[in-house]
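In what follows, chains are A, B, ... by sequence order, proteins preceding strands, each numbered from 1. Source: prediction; values computed, not measured.
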2 protein chains.
Amino acid sequence: MDTNGNSGRGGKPTINDIARLSGVSKKTVSRVINRSPLLNEDTRKRVDDIIRATGYVPNPQARALALRRNFLIGLVHDNPNAQMVLGVQQGILGVLKGTEYELIVRPVDRGSTTLVADVRSFLERQRLHGVVLLPPISENNGLAALCDSLGCRYVRMGSADLDDAAHMVASNDREVVRDAVAYLAGIGHRRIAIITGPQGFRSAFERRQGYEEALSAAGIAPNPGYAAEGNYRFESGLAAARMLLAQAPRPTAIFASNDEMAAGTLHAARMIGLDVPADLSIIGFDDTAIAAHIWPPLTTVRWPIVEMGKAAARKLLAGTIDEQPEMPGDALFPSQLIQRASTAPPK
Amino acid sequence: MDTNGNSGRGGKPTINDIARLSGVSKKTVSRVINRSPLLNEDTRKRVDDIIRATGYVPNPQARALALRRNFLIGLVHDNPNAQMVLGVQQGILGVLKGTEYELIVRPVDRGSTTLVADVRSFLERQRLHGVVLLPPISENNGLAALCDSLGCRYVRMGSADLDDAAHMVASNDREVVRDAVAYLAGIGHRRIAIITGPQGFRSAFERRQGYEEALSAAGIAPNPGYAAEGNYRFESGLAAARMLLAQAPRPTAIFASNDEMAAGTLHAARMIGLDVPADLSIIGFDDTAIAAHIWPPLTTVRWPIVEMGKAAARKLLAGTIDEQPEMPGDALFPSQLIQRASTAPPK
DNA sequence: TTGTATGCGTTATCAT
DNA sequence: ATGATAACGCATACAA
């Protein structure tokens with residue numbers, strides 16, 4: 001027996017109400033909802049009018065059960081960078097707005113040995129439409145394979161092409177760092193040091209590669225003492241910079257692989273009485289809020305993170321009735337060097 | 001006919017598989033899942049063993065349909081402050097971890113005339129277990145009433161008690177600002193200015209009240225020229241500070257209602273050659289990453305935002321099988337003054 | 001304490 | 001092009 005359909009008293013209208021009101025079967029209503037091509041235009045319009053008039057909205061829970069798939073987009077990450085998580089969220093949500101999709105946020109522990117198993121049970125339970133994988137876990141090929149095997153769409157974000165265009169939103173870290181360091185060389189610096197990100201992060205690798213390529217292009221011999229590793233945190237930048245600034249001869253410029261470490265570098269310089277940029281030029285990476293607000297305002301690299309989040313969401317929605325038009329730049333996300341006041345020619 | 005249950009071939013086990021395997025009805029299995037008290041301990045254990053052995057997990061979509069309620073917690077906000085959104089998320093997710101609940105993030109537009117209608121359709125569609133309302137929209141009583149009428153649990157976060165304990169997680173902004181300004185007075189400042197937050201924000205109101213109460217307690221007559229309004233952004237802080245510093249006599253200390261505006265104040269001071277803290281003391285609010293990383297490190301107020309997010313989630317989960325123990329501090333979230341290097345006695 | 005029948009609101013299958 | 005009927009997987013009412 002089919003009793004769902006509340007005959008107008010209380011509650012929200014169901015597909016049966018619409019069917020009864022428009023004098024068709026519920027399957028036909030379903031076809032209207034799902035934009036089935038094999039539908040008489042007249043009946044489509046008639047049903048559509050009733051839907052609009054009643055304010056009917058399909059029940060997502062029932063659809064999820066029947067389709068064995070939810071209208072949810074997952075954001076799976078290991079909180080590498082607050083600015084990034086929030087920027088990506090903002091981008092995704094901007095695209096999801098007005099669609100029937102919602103965003104569900106899922107932090108994971110990249111160090112855990114059960115990482116893949118955790119994500120698996122999450123995906124199996126929630127039956128998401130798709131997920132966005134943030135670095136560094138986006139670099140895990142096992143996770144991508146898992147999504148595939150579970151029939152869950154995915155898009156990986158990262159600093160290099162790890163996957164095909166449908167599954168990847170990449171920035172050009174290497175290239176832009178090459179430009180940044182070339183800029184330092186161009187204004188006369190020869191003793192240029194780097195504070196790298198932690199080993200195992202693709203972003204750290206790419207940025208260091210860009211640094212080395214720029215040195216090489218400028219004919220500067222790499223100096224092992226001019227490279228120190230940080231972990232993307234302020235304190236590590238401070239420590240790394242102190243080490244770097246203790247070298248003889250002292251570097252006249254430091255590229256820090258993110259803004260937080262650049263801020264640490266600034267503190268380190270100040271602690272030994274160095275003026276920035278007169279005695280030391282500093283370049284950061286990310287263009288977080290801190291970059292423009294410290295003194296001197298930091299020359300840094302701006303990463304179009306919100307746009308990348310949007311692109312990821314658009315790729316996930318491709319082929320659905322909520323499909324968003326692919327944007328021209330969805331394949332390439334050029335970062336750019338933002339020149340502020342922390343860089344100057346060496347004395 | 002009852003055919004769901006896949007007899008072991010492919011797919012994940014359903015409640016019917018468990019029922020068949022343990023020789024009971026599916027209703028009994030359902031009782032085990034939902035911890036029904038009226039259950040023979042023997043059968044409970046037997047079914048539980050099968051569940052564990054098979055790795056059975058109830059299908060959330062089916063439960064949602066039958067219960068007409070989802071196992072989702074919503075975070076509804078209007079992005080007032082990135083740090084805050086992320087901190088609350090972190091707190092909520094920390095509590096949700098290990099439970100069957102997930103977090104769904106929903107930005108809204110507080111300026112929209114359809115705000116309440118938007119939230120209504122969101123809640124009606126998703127049938128969330130509960131929502132966390134962030135300021136400033138948490139100050140909207142209509143939203144709280146809406147949640148109530150929809151049978152959706154809610155917790156409001158804010159700077160003052162707007163609701164009963166079960167629905168409110170509040171910080172003591174007024175009190176802590178009173179302490180902060182009293183501290184300035186205590187080290188000798190008499191000309192203390194304030195940069196307020198935007199009108200209409202309860203946090204702005206509370207912080208200003210705290211400022212005025214402290215002045216009054218210190219026997220300092222309020223000077224209208226020593227108050228300027230900002231909008232919580234860097235640029236507004238910069239502009240407000242320039243105005244304040246143009247007053248004669250010039251204030252020797254400025255309390256900025258958040259860190260970003262405090263950073264703007266620092267820039268304004270530097271632009272006219274003032275030394276901080278020798279010529280001007282500055283106190284901020286939030287203890288965002290920027291506070292500790294600018295120069296000089298900023299004296300500010302630390303707001304236990306992550307703990308507040310946790311408390312909100314715990315209140316939402318109260319009474320469920322995933323109930324988390326109430327923590328001692330779940331009613332009170334004392335902020336504290338973090339003394340760093342941007343404050344000193346006046347010259 | 002446990003089981004039977006039925007509902008939850010949608011989509012899929014297979015007719016016509 | 002449209003409809004009748006059976007899934008989808010779990011919970012509730014009522015019976016036993």
Residues Glu326(A), Arg314(A): salt bridge by 4.0 Å N-O rule: no
From CG (Leu133(B)) to CG (Asp163(B)), nearest 0.5 Å: 10.0 Å
Residue pair Asn141(A), Arg156(A): steps toward the side chain to side chain donor-acceptor pair (under 3.5 Å) verdict: CA-CA 10 Å; Asn141(A) 289 323; Arg156(A) 304 160 77 172; 2.7 Å; yes
Rounded interatomic separation in angstrom, taking CD1 from Ile33(B) and C1' from dT12(D): 14 Å
Side chain to side chain, Val105(A) and His77(A), heavy atoms closer than 4.5 Å: yes
Carboxylate-amine/guanidinium proximity below 4.0 Å for Arg125(B) and Glu102(A): no
Out of dC10(D), dT10(C), dC8(C), whichever nucleotide has its closest atom nearest the side chain of Tyr56(B): dC10(D)
Spacing of Arg35(B) atom CZ relative to dA11(D) atom C1', expressed in whole Å: 16 Å
Angle by which the axis turns from one end of the helix from dT1(C)-dA16(D) to dT16(C)-dA1(D) to the other, five pairs per end, to 10 degrees: 30°
Touch class at under 4.0 angstrom, heavy-atom based, for Leu39(A) against every strand present: sugar-phosphate
Distance in angstrom units between Ile51(A) CD1 and dT10(C) P, rounded: 10 Å
Short side-chain N/O contact to dC8(C) OP1/OP2 from Thr14(A), under 4.0 Å: no
From dG9(D), dA1(D), dG3(D), nucleotide with atom closest to Asn40(A) side chain: dA1(D)
Nucleotide dG9(C), atom P - distance to CZ of Arg68(B) in whole Å: 6 Å
Interatomic distance where CZ belongs to Arg20(B) and P belongs to dG3(C) [whole Å]: 15 Å
Result of checking Tyr101(B), Tyr154(B), Phe71(B) against His129(B) for ring pair (Phe, Tyr, Trp, His ring centres under 6.0 Å): Tyr101(B)
Nearest-nucleotide pick for Ala66(A), side chain only, options being dC8(D), dT2(C), dA11(D): dC8(D)
Presence of donor-acceptor pair under 3.5 Å, side chain of Lys27(A) and base of dA4(D): no
Short side-chain N/O contact from Asn59(A) to OP1 or OP2 of dC8(C), under 4.0 Å: no
Sugar-phosphate, base or nothing in reach of Leu67(A), heavy atoms under 4.0 Å: sugar-phosphate
Residue-phosphate contact under 4.0 Å: Ser30(A) side-chain N/O, dT10(C) OP1/OP2: no
Sugar-phosphate, base or nothing in reach of Val24(B), heavy atoms under 4.0 Å: sugar-phosphate
Side-chain ion pair, Asp49(A) and Arg46(A), N-O less than 4.0 Å: no
Between P of dT2(C) and CZ of Arg44(B), the distance in whole Å: 11 Å
Asn70(B) CG to dG9(C) P, straight-line distance once rounded to whole Å: 14 Å
Side chain of Lys26(A) (C-beta onward), nearest among dG3(D), dA6(D), dT4(C): dA6(D)
Nucleotide nearest Ser25(A) when distance is taken to its side chain, options dA11(D), dA4(D), dG9(D): dA4(D)
Nearest heavy-atom neighbours spanning Leu134(A) and Leu75(A): CD1-CD1, 3.7 Å
Euclidean distance, atom CD1 of residue Ile321(A) to atom C1' of dT10(C) [Å, nearest integer]: 14 Å
Quiz item: Arg31(B) side-chain donor-acceptor pair to dG3(C) base, under 3.5 Å: yes
